[in-house]
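Just follow the structure's listing: the first ligand is 1, and inside any ligand the first atom is 1. Both backbone and side-chain heavy atoms feed into the values below; hydrogens, waters and symmetry mates do not.
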Amino acid sequence: MPLPRRKLLGVLFCSVILAGCKHEGLNRTETTTAANGTASEISVWPALPPALPADPALEARISGLMAQMSIEEKVGQLIQAEIKYTTPEDVRKYHLGSVLNGGGTYPDNNKFATPQDWLALSAAFFAASMDTSDGGVAIPIIWGSDAVHGHNNIVGATLFPHNIGLGAARDPDLIRRIGVATAREVAVTGIGWTFAPTVAVVRDDRWGRTYESYSEDPAVVQAYAEAMVKGLQGEKSDSDFLRGEHLVATAKHFVGDGGTMRGIDRGDNQVSESELAKVHGAGYLGALPAGVQTVMASFNSWRGEPLHGHSYLLTDVLKGQLGFDGFVVGDWNGHRFVPGCTVDSCAAAINAGLDMFMVPSDWKTLYENTLAQARRGEIRPERLDDAVRRILRVKIRAGLFERQRPLAGRSGVLGSAEHRAVAREAVRKSLVLLKNNNNLLPLSPAQSVLVAGDGAHNLSKQTGGWTISWQGTGNTREDFPGATTIFEGIQALVKAAGGEVVLSARGEFDSTTFTHGGRPDVAIVVFGEEPYAEWHGDLASLEYQLGSNSDLALLQALRKQGIPVVSIFLSGRPLWVNRELNASDAFVAAWLPGSEGAGVADVLFTGPEGGRPYGFSGTLPFSWPHYVHQTVLNPYHPDYEPLFPLGYGLRDGAESLVSNTLTEEGDTYPDGALEDAWLMVSRPRAPWKLLIVEEQQVPVAVAGNRSSSGPDTNITVAAIDRESQEDARQIRWKGLRPGAVWLAAERPQDLSHYLKERAALILDVRVDRKPEHPVRAGIACGPDCAAELPLQTALAKLQPGSWSTLSIDLQCFAAEGADFSRVSGALSIASEGALELAVANVKYVPGAADRAVISCGG
Ligand code: BGC
Ligand code: BGC
């Protein structure tokens, strides 16, 4: 029987893309903290004395320099431009205060630029800044780089475990030594400043930057912040503080970055001021007394007010109460979020207490505008002078005028054996043993070992984001000279002990694989998250592998053959892995260990003579969820029921009490815990993806910032800026054929709770070209199930060219046959003719059905 036409697109979509759909749960919730503080409780912040004693000689030197500087030169100091968009000639001409290299930027755009290339560029910038041929004052430039887990933008550097793994070690002295090693490697390239450490205290683990945080425990973050700053900068009392082999460090991102609602990167933190101070401020209480010289303002806002323009927090709290006398640098164009500001004009940020703009590409117009604002007094003269004084103070303290760089150009220091040994120690200490039934671990190396999983021999998965490229993607084996994969470490150890080891990512073997002709004695399966950075890593759900079951299937297949299974889980955060735990005899959280994968084998196996040189010592830096909805989970929480609590970690020989029958239902909700489901915020949130689906055409997955369907580009989806960078999508239908754009998931999601909780589908739309043909909104629920509603009239009523909010009662879709227990397409917009729409912020909001614009009286 032919299907009614209006169901066609949905069904087509399902059968083409969702072959083999399976019922799975998608759910999440969070508990919000009561926001009842007011922005005047400065006493909730401790009063800290300045970290360094007042130095009249230093201040006099600064005054002497400033007396000779023109207003142009002063404004130049406030600008930090990116090396892709700046030349030494620009630095000379505009007297720029700083440059940075963003993640994935290299001299001459060459990924394989040598340490000498980096050094030559930094020397050229330095020389330009000291050039006084135009009659100006010589002020050395400062170059900042994100050396956040080693000097991670440079091929060949030692890559330490990401911060979350270090948190498991609970070893501040190790952190200090990592700081020392990192500073040494950065110094080789002539760079004097790192944007580290991140001292975020994470609340919602769906945040894409969770791995940049040491722990959800403020005390761990505080101790580590202090240790890392001391390692990077040296001890305040030492003569080589900030000099020689040391760098200038940054405590970031001030403040509250780890506490945004729903873990949305760059979002709003709504906690009380006392929680802001006690939880999110903890890292600064470690970093500031240790003498950290710079603080980076955060992208997030606090109760709706962006930090880049927050004069109370930047000036009264940080520079006043907390005694900070260094300078505040902005984050990547972060000033544009301040009300009234744009990327190239923002007096308000400087007036609020920002000292240096991070303005990668648009620095020239920002410079011109800032200069005009300074001349007009829109930027207060004493504020301009204070910002310049702070920048010069740090530059003088760091010895930049003398440019003493004993390690510059000593390429042997980069990735040296000594530094790799520290990283390998850190890997050993970062491993957290979650399950070890029948004391399977440690393993004897003198046996036959099958190493499986796509993470076993995969340096990208091992090193994660902020590795050579910004997202940590696009790297191959050649990009990691000197590194070892987890497999290579196992292989070396097992071979040396006379055992046998075989690598098969898919866990395959036959009677010829091992010399004994039989099954392996044990399988070690390494799997986990793909690399990501910043908001690209934000998740809608903590469920691991929402989009597929491949790792679970691998574990189960090995188990079925009677092979004991050790899982090594690579991830930037705790994820809901009950199914994978059930299918493993032993389970190790290995986080993102970095370049020294061999550290994993050190702990998995006994020593060559049966001894145990290294045991498991890692303890959880984050609580591990028992249920998918436990996205905010920490001991300060009233209903704290983790699967594994903060600080958990089995030791050798300990009895493991983990059952093999943990709940495998993802969709268990306590009453009233259902939160808004954000399907698209800036970008689709996993597991949802944007697809263009047309009759007679292969569906197109929307990738990057522009995708089209068909040779005639009938439908185009482009990323556009609404309030911030690429936070909306514009969809254009030429109308050559009917077609739709879908927010789709590979595996159907159980959203039936939303129907029960009387939710509405809500989205922001702007009609850029009026619909003259039928338009429909749809839901798909597997290969044989779809529902559509007419949308043309509702769209035609909206004010063209301006944003409106559209809401549809989910009940209307249900009445048309949608089964919300298996949603494979959470929203489609199908048009039969030409149409242009911009769309942003798509979500299911519980309880909103009654207020929905499109209701169905049900
Ligand atoms: C990040 C910072 C980083 C900066 C420079 C920003 O997007 O938020 O952590 O230091 O870029 O790469
Ligand atoms: C840069 C990163 C930066 C990010 C912020 C990227 O292009 O490489 O360093 O953090 O943009 O948007």
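A salt bridge between D146 and K252 is present, with a side-chain N of the basic residue lying under 4.0 Å from a carboxylate O of the acidic one. Electrostatic pairing of R389 and D355 does not count as a salt bridge here, judged by no charged N lying under 4.0 Å from a carboxylate O. A salt bridge is defined here as a Lys NZ or Arg NE, NH1 or NH2 lying under 4.0 Å from an Asp or Glu carboxylate O, and E226 with K230 meets this definition. R209 has a carboxylate O that lies under 4.0 Å from a charged side-chain N of E534, or vice versa, which qualifies the two as a salt bridge.
Residue contacts with ligand 1 for F299 involve side-chain atoms from C-beta outward but no N, CA, C or O (heavy atoms, distance under 4.0 Å). Neither the backbone nor the side chain of E212 comes within 4.0 Å of ligand 1, counting heavy atoms alone. Under 4.0 Å from ligand 1, not a single heavy atom of T198 appears.
Counting atoms of ligand 1 from 1 in the listed order, those under 4.0 Å from a heavy atom of D146 are 3 (C), 5 (C), 10 (O), 12 (O). Each of the following atoms of ligand 1 lies closer than 4.0 Å to a heavy atom of F195: 10 (O). Every atom of ligand 1 is numbered from 1 in the order shown, and the set under 4.0 Å from a heavy atom of L100 is 5 (C). Numbered from 1 in the order shown, with element, the atoms of ligand 1 that lie under 4.0 Å from a heavy atom of D331 read 1 (C), 2 (C), 3 (C), 4 (C), 6 (C), 7 (O), 8 (O), 11 (O). For ligand 1, the atoms lying closer than 4.0 Å to a non-hydrogen atom of H253 are 2 (C), 8 (O), 9 (O). In the vicinity of K252, heavy-atom distances shorter than 4.0 Å reach the ligand 1 atoms 2 (C), 3 (C), 9 (O), 10 (O). For ligand 1, the atoms closer than 4.0 angstrom to any heavy atom of R209 are 1 (C), 2 (C), 8 (O), 9 (O). Within ligand 1, counting atoms from 1 as listed, the ones closer than 4.0 Å to a heavy atom of E534 are 1 (C), 6 (C), 7 (O), 8 (O).
For Y532 and Y211, the ring centers sit closer than 6.0 Å to each other.
Between the side chains of S145 and N101, at least one donor-acceptor pair of N or O atoms lies under 3.5 Å. A donor-acceptor contact closer than 3.5 angstrom links the side chains of Y312 and E273.
Below 30°, between 30° and 60°, or above 60°: for H149 and H162 the angle between ring planes is below 30°, a parallel geometry.
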